[in-house]
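Take a look at the structure set out below.
One-based numbering, in listed order, for ligands and for the atoms of each.
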Amino acid sequence: MIAPTTLFALDTLLTDEEREIRNTVRLVCDREIRPQVAGWFEAGELPARELARTLGSLGVLGMHLDGYGCAGMGAVSYGLACLELEAADSGLRSLVSVQGSLAMYAIWKYGSEEQKQEWLPAMAAGERIGCFGLTEPDFGSDPGGMRTTAKREGGDWVLNGTKLWITNGSVSDVAVVWARTDEGVRGFLVPAGTPGFTVNDVKHKISLRASVTSELVLDGVRLPAAAMLPGARGLSGPLGCLNEARFGIVFGAMGAALDCLEATLAYTAQREVFARPLSSYQLTQEKLADMALELGKGLLLAVHLGRLKEAGTLTPEQVSLGKLNNVREALEIARKCRTLLGASGITLEYPVIRHSVNLESVLTYEGTSEIHSLVIGKALTGIPAFK
Ligand code: TGC
Ligand code: FAD
């Protein structure tokens with residue numbers, strides 16, 4: 001018997017340091033997260049503050065950024081960390097993606113020196129949490145339509161509007177909020193507790209239950225001029241952050257798929273049907289082979305995109321290729337694994353149904369599969385078909 005990643009000799013593509021990082025993240029997930037994650041999912045609660053400190057000590061928060069207490073690791077190392085985190089639960093990877101690739105990245109890339117000094121070291125350590133408010137109730141795929149406004153009043157900015165579906169919202173110390181101004185879309189740092197800023201959690205989720213999802217309400221929120229991110233102008237500001245988080249998902253989704261496949265290989269080896277192990281039937285083996293193939297292809301694509309990112313040549317369209325393929329295939333793998341587990345597949349005793357319903361969110365956030373198809377379609381034809 002050979003493990004799916006061994007079949008593809010994936011390790012031969014990785015450096016010693018990358019393998020070590022992957023193994024360390026896996027170890028911490030095995031020890032501190034896996035034993036509890038199904039319980040958090042069932043309860044719909046996440047000990048986010050405690051987890052952020054654990055993840056901060058592990059060094060994965062903003063690990064691909066340089067300076068300000070960040071680890072400055074390569075893209076493949078970051079991707080492998082996302083893979084291991086998402087093998088535990090997509091909600092955990094979401095916490096890390098939003099903290100490191102969206103909130104911290106926005107400050108790191110577009111912030112003033114004072115903003116970086118104030119927030120980044122504490123966020124890298126997991127002592128402070130950030131969220132990223134782009135989506136609104138009526139504008140998800142089309143953030144360019146946003147209604148949240150920021151208006152100048154004397155030396156201050158006054159923000160009004162509502163953001164929805166915001167990961168980490170109610171556990172955040174700072175929200176990166178994108179708003180329309182007279183000079184186009186700009187980003188603002190809104191500290192928790194600012195008068196007029198309220199946060200309400202989204203309840204009754206069936207997916208990503210081990211993740212905090214919130215509504216941010218900005219009602220006359222007054223901020224000093226220094227709260228604006230000076231380096232981000234226009235929609236390219238927030239969209240530039242999305243490239244980072246989408247890249248993490250290219251690896252992360254394969255982590256969820258790998259966890260499903262490993263659980264299913266173990267299950268089908270011990271489950272007897274019609275007096276023989278389920279794994280001994282040709283129909284089962286065809287499913288297992290197809291899943292290992294898609295998993296391996298997705299991992300090879302992820303590492304390839306990671307190497308392009310490290311070389312500084314990765315384009316947003318290439319990130320879309322990875323996000324579209326790997327989330328779509330991970331969801332297919334999770335569903336196929338569920339069939340092999342039979343009735344057991346619908347319980348939280350196994351990770352498969354949890355990954356499957358989580359991946360429904362992953363398919364939608366960070367650009368829906370349709371949006372990524374359109375990005376690729378535009379690249380191939382030169383014709384934007386969004387509108
Ligand atoms: P469009 O006119 O094409 O572009 C406006 C400006 O943005 C630039 N641009 C990008 N820049 C950097 N990276 C990208 N990927 C970019 N895509 C576009 C573009 O060059 C232009 O710049 P400039 O200087 O000329 O002004 O914009 P559009 O309004 O037609 O929209 C294009 C579209 C549909 C692709 C974009 O709006 C889009 O990606 N929509 C999807 C929105 C989305 O993904 N939202 C995610 C919210 S965050 C989230 O989900 C977190 S989930 C939690 C977790 O990660 O775990
Ligand atoms: P819509 O944009 O209304 O799309 C509905 C359907 O229409 C989709 O199938 C879509 O593909 C399709 N569609 C849209 N436009 C087109 C088109 N031009 N052509 C064809 N089909 C189209 N956002 C944040 O800003 N920060 C966060 O931290 C965050 N976290 C999230 C966490 C969770 C659990 C979830 C579920 C979402 C999160 N989001 C976050 C929001 C997420 O980015 C949006 O849900 C996503 O961008 C889609 O927007 P929407 O839900 O409004 O769907």
Review point. Which of the atoms of ligand 1 are close to Thr135, meaning less than 4.0 Å from one of its heavy atoms?
Key: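 Under 4.0 Å from Thr135, ligand 1 has these atoms: 47 (C).
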Point to revise | Enumerated ligand 1 atoms positioned under 4.0 Å from heavy atoms of Val98 | key: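 Counting from 1, the qualifying ligand atoms are 53 (C), 54 (C).
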Nearest non-hydrogen contact with [atom] belongs to which option: [options]?
atom: atom 29 (O) of ligand 1; options: Leu95, Thr368, Leu235; result: Leu235
atom: atom 41 (C) of ligand 1; options: Ser236, Ser211, Ser141, Gly145; result: Ser141
atom: atom 42 (C) of ligand 1; options: Gly140, Pro316, Pro384, Gly133; result: Gly140
atom: atom 45 (N) of ligand 1; options: Leu374, Ile371, Leu242; result: Leu242

Just distances here: any N/O of [X] and N/O of ligand 2 closer than 3.5 Å?
X: Thr368; result: yes
X: Glu136; result: no
X: Phe386; result: yes
X: Ser141; result: yes
X: Phe132; result: yes
X: Trp165; result: yes

Exercise for review: For this output row, return yes or no: ring centroids of Trp157 and Phe188 closer than 6.0 angstrom.
Suggested key: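 Distance test on ring centres: under 6.0 Å, yes.
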Check your understanding: Is the CG atom of Asp182 crowded by more than 12 outside heavy atoms at less than 6.0 Å?
Key ->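 No, CG of Asp182 has 12 or fewer neighbouring heavy atoms, counting only those of other groups under 6.0 Å.
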Check your understanding: Is the shortest distance from a heavy atom of Arg246 to ligand 1 less than 4.0 Å?
Key ->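 The answer is yes: ligand 1 sits under 4.0 Å from a heavy atom of Arg246.
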Check your understanding: Pro143: heavy atom below 4.0 Å from ligand 1, yes or no?
Key ->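 Heavy atoms of Pro143 do come under 4.0 Å of ligand 1.
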Practice item. State, yes or no, whether a side-chain contact exists between Val273 and Tyr281 at a heavy-atom distance under 4.5 Å. Key: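 Yes, side chains in contact.
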Check your understanding: Heavy-atom distance from atom 38 (C) of ligand 2 to the protein below 4.0 Å?
Key ->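 For atom 38 (C) of ligand 2 the answer is yes, since some protein heavy atom falls inside 4.0 Å.
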Check your understanding: Protein heavy atoms: any of them under 4.0 Å from atom 46 (C) of ligand 2?
Key ->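 So far as the 4.0 Å threshold goes, atom 46 (C) of ligand 2 is in reach of a protein heavy atom.
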Practice item. Mark the output for Leu102 as yes if a heavy-atom distance to ligand 2 is under 4.0 Å, and as no if none is. Key: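 It does not; every heavy atom stays at 4.0 Å or beyond.
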Exercise for review: Determine whether the side chains of Thr162 and Glu215 contain a donor N or O and an acceptor N or O closer than 3.5 Å.
Suggested key: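 Result is no, nothing qualifies.
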